[in-house]
Amino acid sequence: MEFIQALRGTRDILPAEIGYWQQVEEKVKDILGRAMYQEIRPPLMEQTDLFERGIGEATDVVGKEMYTFRDRGERSITLRPEGTAGVARAYIEHGLDKIGGIQRLWYKGAMFRYERPQAGRQRQFHQIGLELLGSPHPRADVEVIALATDILKSLGLKNLTLFLNSIGNKTDRERYREALVSYLLPYQASLDADSQARLTRNPLRILDSKDPNTQKIAQSAPSILDYLSKESLEHFEQVQMLLNDLEIPYQLNPSLVRGLDYYTHTAFEIQSADLGAQATVCGGGRYDGLVKELGGVETPAIGWAIGLERLILLLKELNPPPEFKPDFYVVSKGEKAEREALVLTQRLRANNFRVELDLSASAFSKQLKRAERSGASICLILGGAEAESQTVKLKWLTSQQQETLAIHDLLNTAQKYII
Ligand code: ATP
Ligand code: MG
C-alpha cells in the first residue's frame, strides 16, 4: 500500500540527528541565560496582518513565501515565517513598551516559508532568535552581535565571516533610495525580473539579488555609507569601535541592506565559507521603527536569527553526533530475575544514572551482545542465582572483568563505577 510521506520541504529530525539539535539548544540556553536573556514562546500562527505590517508587503517573505489560509471562522491566518513580528506583538500586547527599560528575549522554533527546497532551505525550518528591546545604544548592537558569535564559536564553527553595514535612519535611506534608483534606471532592462519589479517598490533589495548579472550592476552602485547623516555615522563608528574592543573581526559590506522603513542603522550577517549557496547562518539588525509601526510606543530594538538547519549542516561536517549511551545496561533471565531487574533499573534511574533495560528475555549471550553495542561501560546481570540472593553481577564491557555485589551495595556505591 502506498504510504503517506512528509510534505515537501519538511523533514523528520530522527534520533540519529537529534543530539546535534539538543547540543545547540543547550549551548544557546546557557550562553543567553548568562547574558540574562529569557525565553519567550509566542504562538506559531498569527493574524496575517501582523506579518504584512511587521515584515512589509514589498518583501519576498510576505509577497511570495507565506503560508496563509482562512480558518473555519473566515479569519486570515499565517504560519509565522519569522520570529521578530510575533515577539514585538507580544511586547506591545502585554504593555512592555509602556513600562520602559530593557527587555532581553530569545526564542526558538519552527518557521514556515513557501520556498524551493534545497540544502539549507526548507519550507518548515527552525530558527533561534534574539531580541533586545529598549536601548538605542551601540553597546546594545554589539552585545547582540557578540552573543551570536559566542554561540557559533562555542559550537566549534570556523570559516565564519561577520559582515556589517549601516543603513542609517529613515531620512538617510530616502536620500540613498533616490540616488540608487537614478543609478539603476539606465540598467533597468538588464536587471533580473524580480529586481525590475523592485525598482519602484523596494529598490534597496536589488543590492541583495542573487542574479549574477544584477550583482555585477549592483557592484558599482552608490554606497549607502556615503549617504549617512552625522548621527548615523557616529552610531556606526561606535559599533565598529566596540567590536574592536571585543576583538570581534568583521568586514564592511555596503550592499547588506534591509528594504523597510523601520530597519535602522546596524545590519549584519554571519556567513560560512562551508555552506555553498545558502551561506548565511545568522542575519540581524536594528529595527527602531517596528514597535511603533505595530501600534506600540516607539522603542529602539535590535535582534538576529540563526538558521538551525544551516548550523547543523556545519556541525555535521565537524563532529560526530554527541554520544547517547547508558551508564549501565541491565540484562536478566527468568521470571524473578526479570522482576528484580526492573526494580533495580528504576532505582538506579532515580539515583540519576542512565540505565538501559533489556526487555527481550532472550538468551544471556544475545543480551550481552546488545549490552556491548549500547556503549555502556558496565553490564548488570541478574539470573536466577542473583535474584535468589539479592545480588547482581557487574561485568565491565571493555576488560570483561566481573564482580558480584549485593544489590543494596550497588545502589549505595554505583557512582564509583561510573567514570
Ligand atoms: P536567504 O537570503 O538565505 O533566503 P533570508 O534573508 O530570507 O535568507 P532571514 O529572514 O534573515 O533569512 O532569516 C535568518 C536566517 O534563517 C537565515 O540566515 C537562514 O540561516 C535561515 N533561513 C531563512 N530561510 C530559511 C529556509 N527557508 N530554510 C532554512 N533556513 C532558512
Ligand atoms: Mg529568504
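Just so you know, ligand 1 is whichever comes first in the structure, and atom 1 is the first atom listed for that ligand. Numbers here simply count residues along the sequence, with the first being 1.
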Shortest reach to atom 24 (N) of ligand 1 by a heavy atom, considering only Met111, Arg113, Arg205: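 That would be Arg113.
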Can you classify the ring geometry of His265 versus His235 as parallel (below 30°), tilted (30 to 60°) or perpendicular (above 60°)?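 Because their plane-to-plane angle is under 30°, the rings of His265 and His235 count as parallel.
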Salt-bridged, [X] to [Y], with N to O below 4.0 Å?
X	Y	result
Arg89	Glu46	yes
Arg75	Asp71	yes
Lys316	Glu17	yes
Arg198	Asp208	no
Arg113	Glu82	no

Can a protein heavy atom be found under 4.0 Å away from [atom]?
atom	result
atom 6 (O) of ligand 1	no
atom 11 (O) of ligand 1	no
atom 18 (O) of ligand 1	yes

Which of the atoms of ligand 1 are close to [X], meaning less than 4.0 Å from one of its heavy atoms?
X	result
Gly120	28 (N), 29 (C), 30 (N)
Ala305	14 (C), 15 (C)
Thr280	17 (C), 18 (O), 19 (C), 20 (O)

Identity and distance of the protein heavy atom lying nearest [atom]:
atom	result
atom 27 (N) of ligand 1	Glu115 OE2, 2.6 Å
atom 30 (N) of ligand 1	Phe125 CD1, 3.4 Å
atom 28 (N) of ligand 1	Gln122 N, 2.9 Å
atom 21 (C) of ligand 1	Gly307 CA, 3.6 Å

So, does Tyr176 use its side chain to make a donor-acceptor pair with the main chain of Pro222 at under 3.5 Å?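 The answer is yes, because a donor-acceptor pair under 3.5 Å joins these two groups.
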Counting only heavy atoms closer than 4.0 Å, does ligand 1 sit against the backbone of [X], its side chain, both, or neither?
X	result
Gln127	side chain
Arg121	both
Lys210	side chain
Asp208	neither

Are more than 12 heavy atoms, taken from residues, nucleotides or ligands other than Gln38, located less than 6.0 Å from that residue's CD atom?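 No, the 6.0 Å shell around CD holds no more than 12 heavy atoms from other groups.
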Please evaluate residues Ser255 and Val257 with respect to the criterion side-chain contact (heavy atoms from CB on, under 4.5 Å), reporting the C-alpha separation (whole Å), side-chain torsions for both, the decisive distance (0.1 Å), and the verdict. CA-CA 6 Å; Ser255 64; Val257 290; 5.9 Å; no
Does at least one non-hydrogen atom of Glu82 fall below 4.0 angstrom from an atom of ligand 1?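 Not so, Glu82 does not reach ligand 1.
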If only side-chain N and O atoms count, and only distance matters, is there a donor-acceptor pair under 3.5 Å linking Glu131 with Tyr287?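 A donor-acceptor contact under 3.5 Å links the two side chains.
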